[in-house]
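Just so it is clear: chains get the letters A, B, ... in the order the sequence lines come, proteins before strands, and each one is counted from 1.
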Protein chains: 2
Amino acid sequence: MSDFDLEQFLPYLLNQAAEAASLEFQQVYKDRYGMLRNEWRVLFHLGMFGEMTASDIGARAGLHKTKISRAVAKLEARRFLVRDRDGQDRRVEHLRLTAAGTAAYRDLQGVARRYDAELLSDFQPTDVARLKQQLGALAQRRGHTPLR
Amino acid sequence: MSDFDLEQFLPYLLNQAAEAASLEFQQVYKDRYGMLRNEWRVLFHLGMFGEMTASDIGARAGLHKTKISRAVAKLEARRFLVRDRDGQDRRVEHLRLTAAGTAAYRDLQGVARRYDAELLSDFQPTDVARLKQQLGALAQRRGHTPLR
DNA sequence: CTGTAATAGTTGTATTTGTAACTAACAAGC
DNA sequence: GCTTGTTAGTTACAAATACAACTATTACAG
């Protein structure tokens, strides 16, 4: 019929791998904290970098502002973060984790560490480094030649 | 604050890479045929393997039957595929592409080939092979040790 | 100042998706 | 034959997402 191999097509392969690799971790943040993907991402950004604005997070995570807005609202409702209106520019709000938010972050961060190690336990350390470096390069990429 | 690096966390990294790598191809099947992700996936399965049932596709693609059902309905409405009720087991339907469906498949398959080559144009062939092999292994994986 | 544009963040609405419940057809035990 | 269970596929409804329009505030040109 055709000698094209879908499973060797990078976007497909990456999606399958990403989905499989996310599954167990998703189970944890969902079951344990009722969080959604964008919520743990925001939590992690604040946990890692401390105080940030919604725009900062959006720029760094490549997330649209509406996603951030909703994730922040949820995390605020769960008392995992608080907002501080900026004194100079009153459009801006500085976000930071509460004690409860920090505790959740630390918990999930530990899970993430262990999970990452387990996911890669069958790979050589040198392969892990190369793999992550290559994925980083792909993630970086912004559209080059338009497709015909 | 914390020395955890989110961007080195494999599920996150894979998601970022998968999203970036899917973007341009998505643009094409969306703009050109108004398709959704599951629709091109079903189209490609039928294009590659010829006649298949919805269950066959679901098993091979790791897609839930409701996703297949809806994708098939859309493709049928666009006259890209037809259904044949099985003579032995009347629950089963055999799906195959129409001429229009085959044409769309061939078009997109060519785009996919070129896109894949372009995505990986900065990598050494040996690195490409290893990367795809590693991603395949990750995609394969089914949950091991439960996370604590 | 004042009007125009830009930016931070929110909200509304239409699509999409996920999950469970459903229908129809087959299979197997009794 | 009947009851019980299983499988193929669909449908209904709740939840999540994308995208555009919105408010509030600041910036800046004249």
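Using a 4.0 Å cut-off between charged side-chain N and carboxylate O, B:Asp122 and A:Arg141 make no salt bridge.
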Base-contact (B) and sugar-phosphate-only (S) positions in nucleotides 5-13 of chain C, heavy-atom cut-off under 4.0 Å, - elsewhere
-BBSBBBBB
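The nearest whole Å value for the distance from the CZ atom in B:Arg90 to the C1' atom in D:dT10 is 16 Å. Between the C1' atom of D:dT7 and the CD1 atom of B:Ile57 lies a distance of 17 Å, rounded to the nearest Å. Straight-line distance from the CZ atom of A:Arg41 to the P atom of D:dA16: 16 Å, rounded to whole Å. A:Asp86 places its CG atom 13 Å from the P atom of D:dT25, with the value rounded to the nearest Å. Put simply, CG on A:Asn38 is 9 Å from C1' on D:dT17, counting in whole angstrom units. Rounded to whole Å, atom C1' of D:dT7 lies 16 Å from atom CD of B:Gln88. Taking atom CG on A:Leu63 and atom C1' on D:dA16, their separation rounds to 14 Å, with Å as the unit. One can place NZ of B:Lys30 at 13 Å from P of C:dT15, the figure rounded to the nearest angstrom.
Side-chain rings of A:Phe9 and B:Phe44 stay apart, their centers remaining 6.0 Å or farther from each other.
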Using residues 11-21 of chain A as the side-chain source, report each donor-acceptor pair under 3.5 Å to any protein atom, sequence neighbours left out, with the distance given to one decimal.
from    : atom 1 : to      : atom 2 : distance (Å)
A:Asn15 : ND2    : A:Pro11 : O      : 3.1
A:Asn15 : ND2    : B:Ser22 : OG     : 3.0

Side chains of residues 58-69 of chain A: which donor-acceptor partners sit under 3.5 Å, not counting sequence neighbours?
from    : atom 1 : to      : atom 2 : distance (Å)
A:His64 : ND1    : A:Thr66 : N      : 3.2
A:His64 : ND1    : A:Thr66 : OG1    : 3.2

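Each of A:Tyr29, A:Tyr33, A:Phe80 was compared with A:Trp40 under the ring-ring contact (aromatic ring centres under 6.0 Å, His included) criterion, and only A:Tyr29 meets it.
Residue A:Lys67 places none of its side-chain N or O atoms closer than 4.0 Å to OP1 or OP2 of D:dT17.
Side chains of A:Leu81 and A:Glu76 form a contact here, defined as non-hydrogen atoms less than 4.5 Å apart.
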